[in-house]
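Beneath this line is the structure, given in structure tokens, with notes to follow.
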Amino acid sequence: MTLRYLIRQAVTAAARRIAADLNNTLPEDFAARIDYTPALKFGHYATPVAMELAKVLRQSPRAIAQKIVEHLVNESFSKVEIAGAGFINITLSAKGIAAVANFTNIKNWLNANADEILTEKIIFEYVSANPTGPMNIVSARAASVGDSITRVLGAVGNAVFREYYVNDYGNQVEKLGLSFAYRYLQKFKSVALPDDCYQGEYIIEYLDKILANDKIPENIFLSKASIGAFDEAAWLKNASAFFAPLGVRAILKEQQKDLQAFRTEFDNFFSEASLHAQGAVMAVGAALAERGKTRSEDGAQIFVSTTYGDDKDRVIVRSDGRPTYLLADIAYHADKVARGFKKIIDIWGPDHHGYIARLSGALRALGFGDAVGEEFKVIIAQQVNLLENGEPVVMSKRLGKFQTMRDLLEKIPIDVCRWFFVQRALSTHLDFDLTLALDQSKKNPVYYVQYAHARIHSIFREANYAEHEHHWADLYPYYAAHSEREELYLFLLRFPELLQDIARNYEIQRLPEYLYQVATLFTHFYHGKNNRIKDLQSTNAAEAAALLALCALAAQVLEAGLSLLGISAPQEMHRNE
RNA sequence: GCCCUCGUAGCUCAGUGGAUAGAGCGUUGGUCUCCGAAGCCAUGUGCGCAGGUUCGAUUCCUGCCGAGGGCACCA
């Protein structure tokens, strides 16, 4: 249980009783909002519930607050008072804190709090870059954020399945095959690469690997002899079809390597082509038609997405009979529903935001979302601007400039990359300052947080402390009334509350913010005159032990938090100069 | 034309509708006989403009101004 949960239960119960006394009933899902106080002098937590209920209960906020305060006489609270227009400020007693802090290890505590939020079977799709080239910086951002959010979702008790959708079907793949074919042909003949082919040099690298490792069929294989007289158009067609799947495979493999280097794991790579092969794509089109959600126009089949708030209806089967990408995507998401997921969350690139209305409309047309607890959510990953010395970096590989996820990783340490990407809300444009990430590394927030963690371990070394279990529930008397200790301790106890919030709103940027604050509060504690553990060890061993336990809690929170962000928590820091 | 994101301190940005709006960088000045100075302390008259909803708006809604991105029977 978390402190906030304890208070919410008590305040909500009090509010219900007061409403009942006034012959009023609060909605079933009513729960009092519990906030943090701006400063400890106001208490530990605060609730504006009296002000929120003033209208519905037809009483003044202060009158309601007064009644709630009377109902909150409870051994868990040492002080409950009204402030301002009707805030109720709550100070927990040592007993109340002990009841919550009765864990001996932060990870056990996180697991024990799973009942405080709705835990669901979630499928989380992110990155899903086209298998037609190296991954770009937005993919790196989506990888960092998506991976961290899934770790948080898991940490608070959800079953999360991480999936990557591979667009290994359609025009783009055909173009990829054609690009390989032309690059192969170019080895024997001077021929220009068509404009609609992938221009990147990486195609040649992958081609050379394929030529070296795969068996090339006779009708595809080229030599100086065969190049003399042959049907180039026919050959291009065959060669494209041959190279396309091999190209996809090779590129996907490289993407997976990059993702691993980015400390991003997936449970599954889902092939779009497999949906087409099963007939699932056309089947879902038929399902939409059966439900009366489509119409025909010029031989094309059109999904009436305007019924669901879209700007215009969308083609799902072209007039030539081929399905559009949208229909495949609908089939893919219908497949997620069929697999039993209750929450479907996607991170998409900035060019896909127009797709949200039509896809969520299609899911609703198919019946998903009618049941309580079913949810489809799309988070748009906005673009990333790379800056160097304050100037935008031109995104052109041809000019030898910076562009890919791998380029980034080669230049910037992974811990810094991950931190920078999760530091800002995914839905906002991000300026990634390479100069700041590198040159000002000493002022880099990620190092500040890691440094705090390393410093705790330095204390452990100095104090000859061996890590073991602690019973923090009994130690609050050592922390109360010492502002640096108490602020640190109470802030650390918010950790699971924060993770629950992130699991609900996906705002991962709050985690680095919190960790930075933990590092700051720890540093304040560390510099406190009465907090010198080394001195206390000879004068008051029990107090020294209590402070070591506080340090251990801080270290556990920092380590757990950094780990959720895919960032290392070193026990010693070394400058690279 | 429509859609998305964003206008908060000199700069980069926090701030799930609440009590004196916060950090970092930069500036200036202090600070290592002391568990790590990647630290600490001091130093600041800022929510683009106009309405609306609300007991209460930086936060939600509408309009305007400004910045960036996106709008296929491509994927």
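In this text, all values refer to a predicted model and were calculated from it rather than measured experimentally.
Rounded to whole Å, the P atom of B:C47 lies 10 Å from the corresponding atom of B:U8. Separating the P atom of B:G18 from that of B:A57 is a span of 11 Å, rounded to the nearest Å. B:U58 and B:U16 have their P atoms separated by 14 Å, with the value rounded to a whole Å. B:A23 and B:U33 have their P atoms separated by 29 Å, given to the nearest Å. Nucleotides B:U59 and B:G52 are separated by 15 Å at their C1' atoms, to the nearest Å. As rounded to the nearest Å, B:C40 and B:A19 have P atoms that lie 27 Å from one another. Taking atom P in both B:C73 and B:U54, one finds a spacing of 43 Å when rounded to whole Å. Atom name P, nucleotides B:G51 and B:U5: the rounded distance is 25 Å, in whole Å.
Here A:Gln450 lies out of heavy-atom contact (under 4.0 Å) with every strand. A:Lys41 comes within 4.0 angstrom of a nucleotide base, judged by non-hydrogen atoms across all strands. Across all strands, A:Ala328 comes closer than 4.0 Å to no nucleic acid atom at all (heavy-atom distances). Looking at heavy-atom distances under 4.0 Å, A:Asp501 makes no contact with the nucleic acid at all. Among the heavy atoms of the strands, none lies under 4.0 Å from A:Ala463. Within the 4.0 angstrom heavy-atom criterion, no nucleotide atom of any strand lies near A:Ala54. Heavy atoms of A:Asp535 sit nowhere under 4.0 angstrom from any nucleic acid atom. Base contact: A:Ser319 has a heavy atom under 4.0 Å from a base atom. Contact annotation for A:Asn531: base contact, defined as any heavy-atom pair under 4.0 Å involving a base atom. In this structure, A:His352 reaches the bases: a heavy-atom distance under 4.0 Å links it to at least one base atom across the strands shown. The residue A:Ile380 sits apart from the nucleic acid: no heavy atom pair falls under 4.0 Å. At the heavy-atom level, A:Asp431 lies under 4.0 Å from the strands shown only through sugar-phosphate atoms. Within 4.0 Å (heavy atoms only), A:Tyr448 reaches sugar-phosphate atoms of the nucleic acid but no base atom. A:Ala454 comes within 4.0 angstrom of a base, heavy atoms only.
If you check the side chains of A:Gln450 and A:Asp415, you find a donor sitting under 3.5 Å from an acceptor.
Between A:Trp348 and A:His333, the angle of the ring planes goes over 60°, which puts this pair in the perpendicular group of the 30/60° scheme. Using cut-offs of 30° and 60° on the angle between ring planes, the pair A:Phe522 and A:Phe525 is tilted. Note: A:Tyr489 and A:Tyr479 have tilted aromatic rings, judged against thresholds of 30 and 60 degrees for the angle between ring planes. Taking the six-membered ring for Trp and thresholds of 30 and 60 degrees, A:Phe270 and A:Tyr165 have ring planes inclined between 30 and 60 degrees apart. Classification of the A:Tyr325-A:His352 ring pair by plane angle, with boundaries at 30° and 60°, yields perpendicular.
In this structure, A:Leu511 atom CG and B:A14 atom P are separated by 16 Å, rounded to whole Å. If you measure from atom CD of A:Gln172 to atom P of B:A72, you get 15 Å, rounded to the nearest angstrom. Put simply, CG on A:Leu430 is 14 Å from C1' on B:A14, counting in whole angstrom units. In this structure, CD of A:Glu513 is placed 10 Å from P of B:U16, rounded to the nearest angstrom. Remark: P of B:G18 and CG of A:Asp35 are 7 Å apart, rounded to the nearest angstrom.
Under a cutoff of 6.0 Å and an axis angle of 45°, A:Arg455 and A:Tyr526 form a cation-pi pair.
Across the strands present, B:C74 finds no partner; the criterion is a Watson-Crick or G-U wobble pair with both atom distances under 3.5 angstrom.
Stacking between A:Tyr526 and B:C35 is shown: the ring centroid lies under 5.5 Å from the centre of the six-membered base ring, and the planes differ by under 30°. B:A19 has A:Phe87 stacked on its base ring, the centres lying under 5.5 angstrom apart and the planes within 30 degrees of parallel.
Here B:G24 is the nucleotide among B:C4, B:G36, B:G24 with the atom lying nearest to any side-chain atom of A:Tyr516. For A:Ala46, counting side-chain heavy atoms from C-beta on, the closest listed nucleotide (B:U12, B:A19, B:G69) is B:A19.
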Identify each atom pair where a protein N or O and an N or O of nucleotides 52-59 of chain B are less than 3.5 Å apart, giving names and distance.
unit_1, atom_1, unit_2, atom_2, d
B:C55, OP1, A:Lys55, NZ, 3.2

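You'll find the side chain of A:Leu359 reaches within 4.5 Å of the side chain of A:Phe376, heavy atoms only. Side-chain atoms of A:Arg314 and A:Asp311, non-hydrogen and from C-beta on, do get closer than 4.5 Å to each other.
With hydrogens and angles ignored, no donor-acceptor pair closer than 3.5 Å exists between the side chain of A:Asp329 and the base of B:A75.
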